[in-house]
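Owing to the predicted nature of the structure, the values given are computational and were not obtained by experimental measurement. Both ligands and their constituent atoms are indexed starting at 1 by order of listing.
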Amino acid sequence: MARIAVFGLGYVGCTTSIGFAELGHSVIGCDISDLKIQSLSRGIVPIFEHGLEDSLQKSLVSKGIEFTLESGKALKNADFVFLCVPTPMNPDGSADLHYLESALDEIQSDLEPETIIVLKSTLPLGTGENIRKRFQEFENSIVYNPEFLREGTALSDFRNPDRIILGSDSDNAARQTSNLYKGIDAPVLITGFGEAELIKYASNAFLAVKISFINEISHLALNTGINIVEVASGMGMDKRIGEKFLSPGPGWGGSCFPKDSRELVTTASKNNVELRVLEAAITANEDAKNRVVEFATQVLGGDLSNKKITILGLAFKANTDDVRDSPAMAVASKLIAEGAHLKAFDPAVKRLDSQDLELAHSVKEACKGAELLIIMTEWLEFAELEPKEIFLEMASPNVIDTRNILKNRDWENLSSQFLSLGGRS
Ligand code: UDX
């Protein structure tokens with residue numbers, strides 16, 4: 001088994017370090033946040049992610065994992081150092097690499113010659129090559145191993161990847177890195193830096209395009225009285241299309257799709273290429289969010305001023321507390337801008353920076369006095385709500401279900417106006 005140092009213990013770093021410890025490697029996690037190191041060392045995971053904490057605690061007991069603030073200690077005798085630092089987006093749509101730059105500065109002085117550097121952060125085209133040049137005077141090999149983890153299922157995605165991608169100019173380093181994943185049943189593709197970088201960006205962009213496509217088809221289905229759930233299921237039976245990522249909703253969000261799709265458009269135009277399909281998908285995604293506001297306006301008689309609206313679900317999807325680029329937050333801001341009074345509830349989101357959006361502590365509290373209820377994320381607890389109980393709390397029984405999760409026919413039968421973005425299954 002290998003000695004693995006993991007720098008950057010956010011979303012990807014936490015999952016990667018705990019996942020490798022599960023596989024039996026000796027892992028040491030390093031971060032600049034004392035709070036994060038303290039809580040992880042005590043078996044507490046500072047992110048909302050099912051299953052991570054149990055696995056961490058098992059590995060702490062077996063001494064398969066430890067955490068430190070000191071990069072020198074982390075790098076000592078490390079066979080591999082994984083860099084899992086954020087690569088956020090600059091205002092111009094390019095990737096901000098300053099976290100990666102400072103992590104590289106941090107490791108340079110203590111790096112041992114045999115240690116293989118593995119980059120996990122999402123890297124813009126050309127970054128791998130540039131880092132290769134920067135470390136020219138060092139013997140260290142560099143590998144780019146992009147992650148494909150989804151929030152809410154990150155540990156399961158680490159354990160069951162569809163593929164493992166390794167980009168490098170050293171075949172040997174790539175093979176040694178692939179050996180770390182022994183015990184995980186997935187095909188391995190060893191390729192160049194650029195190919196691995198574009199696989200990551202293009203995969204996210206394609207998924208975003210697929211969702212924007214089904215959201216537009218869902219709009220057509222809605223306007224023609226066609227059941228989109230049946231349409232999506234019929235489409236998904238074609239193995240070339242696949243049934244996944246065909247659920248219509250209020251648009252895609254999160255810390256990846258919006259950022260990665262804009263960065264890819266920016267990179268392409270710097271290389272004299274217009275990604276018109278992806279640009280159209282980004283525009284269609286804005287349309288999907290605006291349609292929710294239009295539907296709310298229609299349901300409430302054409303004017304939102306002083307109307308009381310409840311939003312259930314604020315994160316960008318269910319099973320996460322992440323509100324970054326969340327369609328629910330975007331829709332909430334637009335409704336407030338039109339003069340509506342909003343209350344919201346999300347099982348995982350416990351605090352908000354927004355002053356104008358009241359965060360309730362329960363579904364019923366959020367629904368009290370509401371003239372319209374909008375379901376924005378597909379939490380199971382929302383799908384299981386009893387319409388009679390909810391309508392007793394509301395001033396008027398109007399519902400927009402943007403995730404098509406309210407299967408109980410009473411929602412439609414007992415409401416004054418009921419709109420499901422995906423028709424009725
Ligand atoms: C995504 C990629 O899936 C993952 O491989 C990559 O590593 C990181 O980015 P994530 O952003 O966590 O993962 O969320 P994902 O589950 O992909 O959903 C992205 C957005 O698409 C969410 O807003 C979700 O609600 C939306 N979505 C997803 C749909 O609207 N319909 C679908 O069918 C699937």
Colleague: With Q417, which residues qualify under side chain to side chain contact (heavy atoms under 4.5 Å, CB included), at least two apart?
Modeller: V299, N398
Colleague: Does G254 come within less than 4.0 angstrom of ligand 1, counting non-hydrogen atoms of the residue?
Modeller: no
Colleague: What atoms of ligand 1 come closer than 4.0 angstrom to any heavy atom of R403?
Modeller: 25 (O), 30 (O)
Colleague: Table please: side-chain donor-acceptor pairs of residues 313-321 below 3.5 Å, with sequence neighbours left out.
Modeller:
{"unit_1": "K317", "atom_1": "NZ", "unit_2": "E151", "atom_2": "O", "d": "2.5"}
{"unit_1": "T320", "atom_1": "OG1", "unit_2": "E151", "atom_2": "OE1", "d": "3.0"}
{"unit_1": "T320", "atom_1": "OG1", "unit_2": "D322", "atom_2": "N", "d": "3.2"}

Colleague: Which class fits the ring pair Y181 and F20: parallel under 30°, tilted 30 to 60°, perpendicular over 60°?
Modeller: tilted
Colleague: Can you check whether F148 has an N/O within less than 3.5 Å of an N/O in ligand 1?
Modeller: yes
Colleague: Is there a nitrogen or oxygen of L207 sitting under 3.5 Å from a nitrogen or oxygen of ligand 1?
Modeller: no
Colleague: Which option, T122, L149, N215, owns the non-hydrogen atom nearest atom 4 (C) of ligand 1?
Modeller: L149
Colleague: How does E147 reach ligand 1, by side chain, by backbone, by both or by neither, if only non-hydrogen atoms under 4.0 Å count?
Modeller: both
Colleague: Can a non-hydrogen atom of K244 be found less than 4.0 Å from any atom of ligand 1?
Modeller: no
Colleague: So which of Y11, F245, F257 gets nearest to atom 2 (C) of ligand 1, if we judge by its closest heavy atom?
Modeller: F257
Colleague: Any N or O on G253 sitting closer than 3.5 Å to an N or O of ligand 1?
Modeller: yes
Colleague: Could an N or O of ligand 1 be found under 3.5 Å from any N or O of S247, whether backbone or side chain?
Modeller: yes
